[in-house]
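One structure is given below, encoded as structure tokens.
Below, chains carry the letters A, B, ... as their sequence lines are ordered, and counting in each starts from 1. In what follows, every heavy atom counts, from backbone to side chain, and hydrogens, waters and symmetry copies are set aside.
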Protein chains: 2
Amino acid sequence: MSEKKEAIKQNAIDLFYKKGYFATSIGDIARPTGIRKSSIYYHYQNKEDILFDILKTTMLDLDRSLEEHIEGVDDPEQKMRSAITSHIIFHIERQKEVIISDSELRGLSLENYKAITKMRDKYEHKFQALIKNGIQKQVFVDYDFKIISYGILTMCTAVALWFRPKGRLPKREIAEMYTDFIIDGLKKKHDRQRSSASKKGRG
Amino acid sequence: MSEKKEAIKQNAIDLFYKKGYFATSIGDIARPTGIRKSSIYYHYQNKEDILFDILKTTMLDLDRSLEEHIEGVDDPEQKMRSAITSHIIFHIERQKEVIISDSELRGLSLENYKAITKMRDKYEHKFQALIKNGIQKQVFVDYDFKIISYGILTMCTAVALWFRPKGRLPKREIAEMYTDFIIDGLKKKHDRQRSSASKKGRG
DNA sequence: GTCTATAGATGGATAGAC
DNA sequence: GTCTATCCATCTATAGAC
């Protein structure tokens with residue numbers, strides 16, 4: 001990808017994050033790039049094409065981060081810890097892009113929408129497999145693994161919404177706190193059981 | 001509020017939820033209401049006014065639900081349980097409106113934006129007070145109560161994003177599962193401590 | 001309270017010169 | 001690869017009749 005195209009993409013990320021996709025015009029993107037709006041069309045087919053480029057790259061990088069973090073880890077608890085850490089750190093470091101990914105899917109055509117949600121679903125399934133594995137190995141409480149995976153992922157995804165680079169706590173500490181909280185909620189305690197009567201007798 | 005105005009509001013909710021605020025035109029809202037787009041302006045000053053009406057009502061109702069749920073409950077754990085239940089059930093029953101509330105704040109002028117975020121902040125502070133109280137009474141682990149409150153709230157807020165009325169589990173069961181998970185993660189265990197070395201020595 | 005008609009502005013996208 | 005110029009569609013909002 002050419003340097004100019006990269007610049008357009010980065011300016012689009014800044015603007016889609018700050019103003020939203022629909023409220024950002026091609027002219028808005030062209031201005032900080034130092035070119036006229038018509039020149040954008042030399043690099044991208046249309047406005048949606050820019051959005052799609054951002055979303056696709058983000059999903060690919062997110063997935064790669066997960067794979068790198070869990071590679072070679074066998075213990076179910078440690079593997080889940082690594083996965084959560086990867087997710088949180090990525091959502092802090094790529095704050096703008098993941099917020100766009102979570103809020104601007106409506107800007108995509110049906111075809112592109114399907115492509116992105118397919119990637120997202122595959123990513124989510126990897127998390128669900130980790131939880132399912134922990135439950136089967138009797139390390140985790142037998143929650144409904146799909147429902148609980150939504151909760152865990154969204155809780156970590158939302159870090160991107162409130163994290164401030166100059167905030168009180170460093171990213172590693174936030175990632176550790178959330179990982180502790182989640183693993184503590186997931187782990188089976190051998191001296192006691194869940195207090196609620198809603199516990200399921202699956203498996 | 002007149003019946004016609006209510007109808008306009010409800011159609012706006014449906015459309016803002018499905019297409020987004022910026023992608024919805026005044027004409028789109030007028031059509032299912034059975035009037036022409038110019039007639040909308042008899043009931044509302046402008047497009048933003050409709051959005052603001054929706055957001056304000058939603059925040060007021062959300063806050064009232066919380067107050068009703070925790071009223072008269074004294075035990076810190078039970079109070080937190082009631083608060084979480086209120087939040088989840090509301091986000092399931094008012095799915096469309098809360099999703100609009102979480103994604104369309106950019107459609108507001110600065111003044112209206114401040115009014116809504118002020119209400120939201122007050123609501124969040126009530127949750128933080130519950131967690132803080134539980135920590136002080138030594139019922140909850142001494143996590144950073146602000147950071148952990150973000151995680152808890154967003155995890156429950158996100159239920160609105162994936163919940164399907166005809167889905168596998170009824171709303172009460174989902175609320176119970178999440179409440180168990182969160183309380184379990186929050187509660188102090190008298191026979192063991194957090195495994196991580198990151199535990200803070202505040203208080 | 002709703003209508004028709006239209007002002008007034010903006011934005012995505014293309015044509016064609018350089 | 002970038003420019004100027006422009007087409008065309010769309011949208012918010014208002015004016016004024018009924």
Side-chain angles (χ1 to χ4, degrees), chain A residues 1-56 100 103-113 115-116, chain B residues 1-56 100 103-113 115-116:
Chain A
M1 192 153 63
S2 75
E3 268 184 50
K4 190 51 73 71
K5 196 173 180 179
E6 291 273 15
I8 292 169
K9 190 176 178 180
Q10 191 53 54
N11 287 324
I13 289 171
D14 291 343
L15 287 160
F16 292 169
Y17 167 73
K18 193 166 19 172
K19 303 176 57 173
Y21 174 71
F22 287 106
T24 300
S25 72
I26 297 287
D28 291 337
I29 300 169
R31 206 167 303 119
T33 317
I35 53 175
R36 301 288 173 171
K37 61 177 179 175
S38 58
S39 303
I40 296 281
Y41 293 91
Y42 174 80
H43 302 278
Y44 284 101
Q45 285 192 337
N46 50 41
K47 192 182 170 187
E48 186 196 337
D49 197 23
I50 305 176
L51 178 62
F52 185 62
D53 185 16
I54 294 168
L55 300 184
K56 195 178 167 186
I100 296 167
S103 57
E104 304 294 5
L105 286 181
R106 276 190 294 226
L108 298 175
S109 66
L110 185 61
E111 188 187 14
N112 284 339
Y113 177 84
I116 297 297
Chain B
M1 191 154 64
S2 74
E3 270 185 47
K4 190 53 73 68
K5 196 173 180 181
E6 291 274 17
I8 292 169
K9 191 177 177 180
Q10 190 54 55
N11 287 324
I13 289 171
D14 290 343
L15 286 159
F16 292 168
Y17 167 73
K18 193 165 20 172
K19 302 175 58 174
Y21 175 71
F22 287 106
T24 301
S25 73
I26 298 286
D28 291 337
I29 300 169
R31 208 166 303 117
T33 318
I35 54 177
R36 300 287 174 172
K37 59 180 178 177
S38 59
S39 304
I40 296 281
Y41 293 91
Y42 174 80
H43 302 276
Y44 284 101
Q45 285 191 337
N46 50 42
K47 191 182 169 185
E48 186 196 336
D49 197 22
I50 307 176
L51 178 63
F52 185 61
D53 186 16
I54 295 168
L55 299 185
K56 195 178 167 188
I100 296 167
S103 56
E104 303 293 4
L105 287 181
R106 276 189 295 224
L108 298 176
S109 66
L110 185 61
E111 188 187 14
N112 285 339
Y113 178 84
I116 297 296

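Taking a 6.0 Å sphere around CZ of Arg36(B), one finds it holds 12 or fewer heavy atoms contributed by other residues, nucleotides or ligands. No more than 12 heavy atoms of other residues, nucleotides or ligands shown are found within 6.0 angstrom of NZ on Lys56(B).
Between the C1' atom of dT12(D) and the OH atom of Tyr44(B) lies a distance of 17 Å, rounded to the nearest Å. Across the protein-nucleic acid pair, Arg36(B) atom CZ and dG16(D) atom P stand 21 Å apart, rounded to whole Å. Taking atom CD1 of residue Ile26(B) and atom C1' of nucleotide dA5(C), one finds them 18 Å apart after rounding to whole Å. What separates CG of Asp49(B) from P of dT14(D) is a distance of 12 Å, to the nearest Å. dG11(C) atom C1' lies 14 Å from atom CD1 of Ile40(A), rounded to whole Å. In this structure, Glu48(B) atom CD and dC11(D) atom P are separated by 19 Å, rounded to whole Å. Atom-to-atom, OH of Tyr41(A) to C1' of dT14(C) comes out at 9 Å; the value is rounded to the nearest Å. Protein atom CZ of Arg31(B) is 12 Å distant from nucleotide atom C1' of dC11(D), rounded to whole Å.
The shortest distance between side-chain heavy atoms of Glu104(B) and Ile54(B) does not fall below 4.5 Å.
Here the side chain of Ile35(A) is nearest to one of dT12(D), dG11(C), dT2(D), namely dT2(D). Here the side chain of His43(B) is nearest to one of dT4(C), dT2(C), dT12(D), namely dT2(C).
Heavy atoms of Lys4(A) sit under 4.0 angstrom from primed sugar atoms or phosphate atoms, though from no base atom. Using a 4.0 Å heavy-atom cutoff across all strands shown, Thr24(A) reaches sugar-phosphate atoms only and no base atom. Note on Ser39(B): a base of the nucleic acid sits closer than 4.0 angstrom, heavy atoms only.
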Check the pair Phe52(A), Leu108(A) against side chain to side chain contact (heavy atoms under 4.5 Å, CB included), reporting the backbone distance first and the verdict last. CA-CA 7 Å; Phe52(A) 185 62; Leu108(A) 298 175; 4.2 Å; yes
Give the C-alpha distance, both sets of side-chain angles, the deciding distance and a yes or no for side chain to side chain contact (heavy atoms under 4.5 Å, CB included) between Asn46(B) and Ile26(B). CA-CA 9 Å; Asn46(B) 50 42; Ile26(B) 298 286; over 6 Å; no
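Put simply, the side chain of Ser38(A) and the base of dT4(D) share a donor and an acceptor less than 3.5 Å apart.
Annotation: of the two residues near DNA chain C, Gly34(B) and Lys47(A), the 5′-most nearest-nucleotide partner is Gly34(B).
Considering only side-chain N and O atoms, Tyr42(B) lies nowhere under 4.0 angstrom from the phosphate OP1 or OP2 of dT2(C).
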